[in-house]
Amino acid sequence: MMRKKLVVGNWKLHGSLAENEKLMHELVDQLKHLHNADFGICLPYPYLFQAQKILAKTPILWGAQNVSQFYDGAYTSSVSASMVAEFGCTLAIIGHSERRSYSHESNQKAVTRVKRAVDAGITPIYCVGETLAEHELGQAKSVIEEQVLALFGLDDATYAHAKALGLVIAYEPVWAIGKGQAAKPEQAQTMHQFIRALIAKRDKTFAENVRIIYGGGLTPENACTLLTMSDIDGGLVGRCSLNAIEFRRIGEVASDTKQCVVEIVEEA
Ligand code: PGA
């Protein structure tokens, strides 16, 4: 099964009108020849309108870094999925580990947010990943299992709609995020394969089609070894998404992994 790779930049709490304008124009230019992968950026809410203005006529998708678990109501500071959809967002990161840890987001809350995104026609990028402590205790698989299986708590209609929208899963080992030190490719592959197998137990066809992307220390230097793994379908990129050249170099690998054969053979 050939799944088209997807590379999404997670800008986190970075940017300003002036910086974004420059970076988005650079990205449009840098990515314009890469047709064999999909690209997107998820940026802070206030800049979604700016992204819509700059990226609307380009192949680059844009999205939010979260959406509220509520539709509307007295929830000061919350931003709903239907609000971000009005700014053309087609992606939303949900359940990122920085949200899970700083804002105590449970699996259940994350899955409710997935539902809100889907109801607004937005493709969720549902993040899973174990912490360093869980990793060291050998609990990675049980943590991931619980996070992934939570998705099956979606009602049937939402689940079907999520699949139709191309719901994405991001495996991001928390111990690798922001450290410039990614998981070893074989280690990441094992977890991606595990996630796909978990989904296959419930839904074989979706397991074949779902894009499971890797995040946590993905760089141009390690992109070849990670993105050539058979169950890694792209990347969620933090630090290196703030530099158009580095993002393009990761994108080049995603768009054409054949170039990596030479590199990997030369390294061996
Ligand atoms: P990183 O972040 O690439 O800086 O490790 C990835 C993420 O948090 O999505």
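Reckoned from all heavy atoms, side chains included, excluding hydrogens, waters and symmetry mates. Whatever order the structure lists them in is the order used to number ligands and atoms, beginning at 1.
Tyr126 is linked by a ring-ring contact (aromatic ring centres under 6.0 Å, His included) to nothing, counting only residues two or more places apart in sequence or in another chain. Looking at residues two or more places apart in sequence or on another chain, you find no salt bridge (Lys or Arg N to Asp or Glu O under 4.0 Å) involving Arg116.
Between the side chains of Glu134 and Thr131, at least one donor N or O lies within less than 3.5 Å of an accepting N or O.
Annotation: ligand 1 has protein neighbours Asn10, Lys12, His96, Glu172, Ala176, Ile177, Gly178, Gly216, Gly217, Leu236, Val237, Gly238, Arg239, each with a heavy atom less than 4.0 angstrom from the ligand.
No donor-acceptor pair under 3.5 Å is formed between the side chain of Asp256 and the backbone N or O of Glu252.
Rounding to the nearest 0.5 Å gives a distance of 12.0 Å between CG of Asn209 and CG of Leu167.
Residue Leu132 shares its hydrophobic cluster (ILVMFWY side chains chained together at separations under 4.5 Å) with Trp175.
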